[in-house]
Amino acid sequence: MTPTLTTSAYVLHNLGLAAGFGGSLFGRVALNPSARLINDKQDRAKIVNAAWNGYNIINAIGLGSTALTWFFGRSKISGRSISASARKLVIVKDFLMGATLVSGLVNLIGGGFLARRALGEGIPMESGSKAADEAPADVKSTTKLVNWLGVFNLACMAGIIGVSTWLDNAAQSSSKWKLISNVLP
C-alpha cells in the first residue's frame with residue numbers, strides 16, 4: 001500500500017463527492033426552476049427528466065466512488081488508531097454515507113419512473129420539481145418523494161463534506177494517524 005494509492009483514493013473520494021453534491025445542487029437550484037421558461041408542460045417534463053437521467057450515471061459513479069473509497073479505507077483501520085472524538089465523527093460519516101447511498105438509490109429509481117413516463121406517454125410539470133395539478137396521482141407522489149429525498153440527499157452530502165473536513169483537520173494534528181495513514185491504500 002503506497003502513499004500514491006492513498007492519495008489517489010482520497011482524490012477519487014473527494015471528486016466523487018464533489019460531482020454528486022455539485023450536480024444535485026445545480027439541478028435543484030438552477031435546472032428545475034428554469035424549466036418554467038418552457039411553455040409546454042409536457043416538454044418541461046421531457047427536458048428536465050432527460051437532463052437528470054443524463055447526469056444520473058455521473059452521480060452514481062461519483063457517489064459510488066466516494067462510498068467505495070470510504071468503506072474500503074474504514075475496513076483497514078481500527079478504532080484505536082484515532083481519538084475518541086474522531087471515532088464519533090467516523091460513525092457519523094458512516095451514517096451519512098449510508099443515508100446518502102440509500103436516498104440516492106431511491107431517487108434513481110423514482111427518477112427513472114418519472115423519465116419513462118415523461119418520455120413515453122408524457123406528464124405535465126409546472127417546473128422541474130413540481131408536477132402540474134392535472135398530472136396523475138402516482139406522478140405527483142413520486143415527484144414529491146424525489147424532491148424530498150433530493151433535499152435530504154444534499155443535506156447528507158453536505159454533512160459528509162463537513163465531517164470529512166473535520167476529520168482531515170483532526171488527522172493533521174495526530175502523529176498516530178500520520179503513521180497509520182502511510183500504510184493505507
Side-chain angles (χ1 to χ4, degrees), residues 1-34 48 51-111 128-129 144-185:
M1 312 267 194
T2 67
T4 302
L5 189 55
T6 302
T7 301
S8 298
Y10 189 58
V11 168
L12 187 60
H13 176 86
N14 287 337
L15 283 175
L17 191 54
F21 184 80
S24 297
L25 185 62
F26 169 79
R28 176 150 299 282
V29 301
L31 174 66
N32 285 349
S34 296
V48 168
W52 274 110
N53 277 344
Y55 198 76
N56 280 344
I57 189 72
I58 303 298
N59 243 347
I61 291 170
L63 293 177
S65 298
T66 298
L68 194 65
T69 55
W70 171 250
F71 291 124
F72 183 76
R74 276 283 276 131
S75 72
K76 298 296 180 187
I77 61 170
S78 74
R80 293 183 302 272
S81 62
I82 55 179
S83 69
S85 61
R87 221 178 350 264
K88 290 175 186 169
L89 289 172
V90 166
I91 292 168
V92 169
K93 187 169 176 177
D94 287 342
F95 170 79
L96 290 170
M97 191 67 68
T100 297
L101 293 173
V102 170
S103 62
L105 180 62
V106 173
N107 252 0
L108 191 66
I109 294 166
S129 58
K144 285 179 185 175
L145 175 66
V146 165
N147 285 322
W148 184 87
L149 283 175
V151 171
F152 178 76
N153 190 268
L154 269 171
C156 288
M157 284 188 282
I160 292 170
I161 292 167
V163 169
S164 295
T165 302
W166 202 343
L167 284 168
D168 291 345
N169 288 335
Q172 295 299 321
S173 62
S174 168
S175 56
K176 188 191 297 187
W177 175 248
K178 286 178 187 174
L179 289 171
I180 291 169
S181 66
N182 285 329
V183 297
L184 290 177

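Values in this document were obtained by computation on a predicted structure and should not be read as measured data.
The two residues A86 and L167 have their closest heavy-atom pair at O-CD2, 3.7 Å. Nearest heavy atom pair, residue C156 against residue T100, reads CB-OG1, 3.1 Å. For the residue pair A19 and N59, the shortest heavy atom distance occurs at O-OD1, 4.0 Å. L154 approaches S24 most closely through the heavy-atom pair CD2-CB, 3.8 Å. When all heavy atoms are compared, the tightest approach of P33 to R28 is CD-O, 3.4 Å. Of all heavy-atom pairs spanning G159 and L96, the tightest one is C-CD1, 3.5 Å.
Qualifying side-chain hydrogen bond (donor to acceptor under 3.5 Å, both in side chains) partners for S65, counting only residues two or more places apart in sequence or in other chains: none. Legend: residues meeting side chain to side chain contact (heavy atoms under 4.5 Å, CB included) with L31, ordered by chain and number and at least two apart, are F26, A51, W52. Every residue was checked against the side-chain hydrogen bond (donor to acceptor under 3.5 Å, both in side chains) condition with N107, not counting sequence neighbours, and none meets it. In terms of the ring pair (Phe, Tyr, Trp, His ring centres under 6.0 Å) criterion, Y55 has no residue partners (sequence neighbours excluded). Evaluation of the side-chain hydrogen bond (donor to acceptor under 3.5 Å, both in side chains) rule for S85 yields S83 as partners, not counting sequence neighbours. Every residue two or more places apart in sequence or in another chain that forms a side-chain hydrogen bond (donor to acceptor under 3.5 Å, both in side chains) with D94 is listed here: W70, R74.
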(request) Test side-chain contact (heavy atoms from CB on, under 4.5 Å) on V106 and L145 and set out the steps. (result) CA-CA 9 Å; V106 173; L145 175 66; 4.2 Å; yes

(request) Verify side chain to side chain donor-acceptor pair (under 3.5 Å) between N53 and N56, making sure each step is shown before the conclusion. (result) CA-CA 5 Å; N53 277 344; N56 280 344; 2.8 Å; yes

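In this structure a side-chain-to-backbone donor-acceptor pair under 3.5 Å is missing from N153 to S103. Remark: side-chain polar atoms of T66 are paired, donor with acceptor, to backbone N or O of L17 under 3.5 angstrom.
At least one side-chain heavy atom of L63 sits less than 4.5 Å from a side-chain heavy atom of M157. Inter-residue side-chain proximity for V163 and F95 is flagged as unmet; no heavy-atom pair is nearer than 4.5 Å.
A distance of 14.5 Å separates CZ in F72 from NE2 in H13, rounded to the nearest 0.5 Å. Expressed to the nearest 0.5 Å, how far CG of L149 lies from CG of L108 amounts to 12.0 Å. The distance from the CG atom of L89 to the OG1 atom of T165 is 11.0 Å, given to the nearest 0.5 Å. Note that CG of N14 is 11.0 Å distant from CD1 of I160, once rounded to the nearest 0.5 Å.
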